[in-house]
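Below is one structure, written out as structure tokens; comments come after it.
On a predicted model such as this, the values are computed, not experimentally measured, just so you know.
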Amino acid sequence: MEPKSIIKGKVNYIGVNDRSKYLFEGMWPLPYGVSYNSYLIDDEKVVLVDTVDINFFEVYLRKIKSIIGDKPIDYLLIHHMEPDHSGSIRLIKEHYPNITIIGNKQTFGMIEGYYGVTDGEMLVKDGDELTLGHHKLRFYMTPMVHWPETMMTFDETDGVLFSGDGFGCFGALDGGFIDNRINTDKYWDEMIRYYSNIVGKYGGPVQKALQKLMGIPVTTICSTHGPVWSEHINKVIDIYDRLSRYEAEDGVVIAYGSMYGNTEEMAEAIARELSDQGVKNIVMHNVSKSNASYILADIFRYKGLIIGSPTYSNQIYPEIESLLSKILIREIKGRYLGLFGSFTWAGAAVKRMGEFAEKSKFEMVSSPIEMKQSMKDENYQQCYELANAMAKKLKNDDQ
Ligand code: FEO
């Protein structure tokens with residue numbers, strides 16, 4: 001017999017945990033795994049809320065049947081079409097051929113494209129409602145959080161918000177699935193990492209969604225990743241609000257590449273001086289070792305960013321180049337930027353990073369600094385000046 005799964009009213013948790021995948025989207029490490037959450041509303045009308053990754057279909061179907069037995073499912077409510085949630089649509093349709101799929105005008109083209117399903121669809125618009133018996137659902141369109149078809153559904157009867165990826169986080173669920181019955185410590189950092197890696201570019205649409213949801217009496221958030229939020233709703237909303245406004249704490253991220261330790265010495269000198277100037281939050285990332293996932297999370301967290309690159313075949317060091325691309329994709333706003341670099345016979349990295357500085361629209365705290373071959377007194381001096389300029393900006397913001 002399957003364990004209890006009730007969240008509230010007739011809403012059940014039927015998600016699955018993925019503890020095998022190394023890289024989410026082929027890029028982002030999953031040290032604590034990830035959950036693909038789905039929900040089943042066992043009302044007079046039965047509603048399946050999103051599905052799970054297709055690899056988990058067998059266990060997923062067993063969970064569904066443990067609640068409703070051989071009863072049919074009336075509706076499949078789709079909030080988001082990324083295959084970690086939509087992956088089981090075709091198989092659900094095969095098992096429940098009379099099911100009606102609820103989505104918006106962006107949803108159905110994707111369902112046909114991914115799964116070849118074209119019938120039994122019910123199109124809903126912003127504000128539409130659906131009564132199931134005990135529960136009454138209202139649909140909210142929240143496009144581009146972080147795909148065009150993303151939407152959310154509010155259960156007006158019990159205050160449950162089905163939010164898709166919104167308010168989600170990395171981290172599998174180790175036993176319990178509701179926040180007030182588990183230790184939530186690991187999820188807070190994993191939420192910042194999830195947001196910055198997956199949703200990061202779409203701060204504007206997330207803000208629009210938050211404004212739309214303002215005033216709705218939410219008591220429970222059922223996202224598609226991570227715990228069901230009940231006790232910590234305000235904290236979760238606050239994190240998504242701050243991150244989507246690109247609001248940052250005092251602190252500096254130093255991300256650098258170094259092949260033989262010379263550029264790293266610049267990073268060390270800058271960090272030491274930042275500390276001497278009273279900056280407490282300093283995070284150093286050697287890009288050859290730190291996965292960009294964690295660097296991005298720290299860039300979302302802190303106001304200051306200092307990037308260092310050796311010149312490599314007349315280019316930016318490739319690992320730094322890759323990081324710069326990931327930063328630009330996310331259109332992070334309002335950071336202070338410092339740049340440093342090195343070369344052996346002809347400088348190129350620092351000059352080329354100037355293009356990144358322009359595109360990012362970050363505020364440069366001083367001119368970029370560049371070292372030839374190894375650290376001399378003048379290079380230490382340049383590093384101290386860069387660190388001082390950054391520390392001053394942060395201090396001025398505090399006043
Ligand atoms: Fe969890 Fe955007 O899929």
Side-chain angles (χ1 to χ4, degrees), residues 7 13 15 17-19 21 23-25 27-37 39 50 79-80 82 84-85 142 144-147 150 152 160-207 209-210 213 218-249 251 253 281 283 290-303 326-327 330 332:
I7 296 171
Y13 179 83
N17 289 301
D18 189 341
R19 296 190 177 86
K21 193 189 278 282
L23 296 173
F24 193 78
E25 292 186 344
M27 283 184 281
W28 319 113
L30 293 169
Y32 306 108
V34 65
S35 70
Y36 310 120
N37 298 342
Y39 305 91
D50 295 307
H79 292 111
H80 180 30
E82 202 163 357
D84 50 337
H85 311 296
T142 54
M144 297 316 301
V145 178
H146 55 128
W147 277 30
T150 49
M152 299 186 189
V160 180
L161 178 70
F162 299 100
S163 59
D165 277 353
F167 311 113
C169 64
F170 290 135
L173 301 176
D174 300 334
F177 51 84
I178 301 183
D179 64 349
N180 58 18
R181 299 186 67 175
I182 59 176
N183 181 335
T184 54
D185 290 355
K186 74 177 174 196
Y187 296 109
W188 304 118
D189 280 349
E190 287 296 84
M191 183 171 282
I192 294 172
R193 200 163 66 84
Y194 175 83
Y195 181 90
S196 59
N197 293 183
I198 309 299
V199 189
K201 177 183 165 73
Y202 300 100
V206 172
Q207 277 293 307
L210 287 171
L213 299 170
V218 177
T219 61
T220 308
I221 294 178
C222 291
S223 147
T224 42
H225 296 292
V228 170
W229 298 107
S230 168
E231 182 183 344
H232 298 291
I233 280 186
N234 290 342
K235 183 170 177 176
V236 168
I237 293 174
D238 184 59
I239 289 173
Y240 264 72
D241 182 36
R242 280 190 291 111
L243 291 171
S244 58
R245 283 190 281 112
Y246 302 97
E247 203 178 286
E249 300 167 38
V253 178
N281 296 319
V283 190
S290 292
N291 187 288
S293 170
Y294 294 87
I295 307 175
L296 287 171
D298 284 330
I299 293 172
F300 267 79
R301 198 189 295 255
Y302 295 118
K303 256 184 236 175
K326 291 184 177 80
I327 295 170
R330 279 156 187 77
I332 301 166

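- Thr224 pairs in a side chain to side chain donor-acceptor pair (under 3.5 Å) with only one of the listed residues (Asp50, Asn37, Asp165), which is Asp165.
- The aromatic ring centres of Trp147 and His85 sit 6.0 Å or more apart.
- Rounded to the nearest 0.5 angstrom, Arg301 CZ and Glu247 CD are separated by 13.5 Å.
- No side-chain donor-acceptor contact under 3.5 Å links Thr150 to the backbone of His80.
- Here the side chain of Asn17 pairs a donor or acceptor atom with the backbone of Leu173 at under 3.5 angstrom.
- Exactly one of Gln207, Arg245, Met191 qualifies for a side chain to side chain contact (heavy atoms under 4.5 Å, CB included) with Tyr240. That residue is Met191.
- Distance CD1/Ile198 to CD/Glu82: 7.0 Å, rounded to 0.5 Å.
- Contact record, Ala248 with Phe300: CB-O, 4.1 Å, taken as the closest heavy-atom pair.
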(message) With side-chain contact (heavy atoms from CB on, under 4.5 Å) as the criterion, how do Asp174 and Arg19 come out once you've worked through the C-alpha distance, each side chain's angles and the decisive distance to 0.1 Å?
(response) CA-CA 10 Å; Asp174 300 334; Arg19 296 190 177 86; 2.9 Å; yes
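- Summarising the geometry of Pro205 relative to Val145, their closest heavy-atom pair is O-CG2, 3.8 Å, with the distance given to 0.1 Å.
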(request) Could you go through the side-chain contact (heavy atoms from CB on, under 4.5 Å) check for Trp28 and Leu296 one step at a time? (result) CA-CA 11 Å; Trp28 319 113; Leu296 287 171; 3.9 Å; yes
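- Judged by distance alone, the side chains of Asn197 and Ser293 do bring a donor and an acceptor atom under 3.5 Å apart.
- Ser163 contributes atom OG, which lies 6.0 Å from atom CD1 of Ile221 (distance to the nearest 0.5 angstrom).
- The ring of Phe170 has its center no closer than 6.0 angstrom to the ring center of Tyr32.
- Judged purely by atom type and a 3.5 angstrom limit, Arg193 uses its side chain to pair as donor or acceptor with the backbone of Pro29.
- With a 4.5 Å cut-off on side-chain heavy atoms, Val206 and Val199 count as touching.
- Tyr187 has its side chain out of reach of Asp179: every pair of non-hydrogen atoms, C-beta onward, lies at least 4.5 Å apart.
- Annotation: the span from Leu30 atom CG to Asp18 atom CG amounts to 7.0 Å, rounded to 0.5 Å.
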(request) May I have the step-by-step check of side-chain contact (heavy atoms from CB on, under 4.5 Å) for Leu161 and Phe167, ending in yes or no? (result) CA-CA 10 Å; Leu161 178 70; Phe167 311 113; 4.1 Å; yes
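- Other residues, nucleotides and ligands contribute only 12 or fewer heavy atoms inside 6.0 Å of the CZ atom of Arg181.
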(request) Under the side-chain contact (heavy atoms from CB on, under 4.5 Å) rule, what do Phe162 and Thr220 come out as? Steps first, then yes or no, please. (result) CA-CA 9 Å; Phe162 299 100; Thr220 308; over 6 Å; no
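- The CD atom of Glu231 lies 10.0 Å from the CH2 atom of Trp229; values are rounded to the nearest 0.5 Å.
- Note on Asp238 versus Lys235: no salt bridge recorded, every NZ/NE/NH1/NH2 to OD/OE distance being 4.0 Å or above.
- Going from atom OH of Tyr202 over to atom OH of Tyr195 covers 11.0 Å, rounded to the nearest 0.5 Å.
- The closest donor-acceptor contact from the side chain of His225 to the backbone of Cys169 lies at 3.5 Å or more, if one exists at all.
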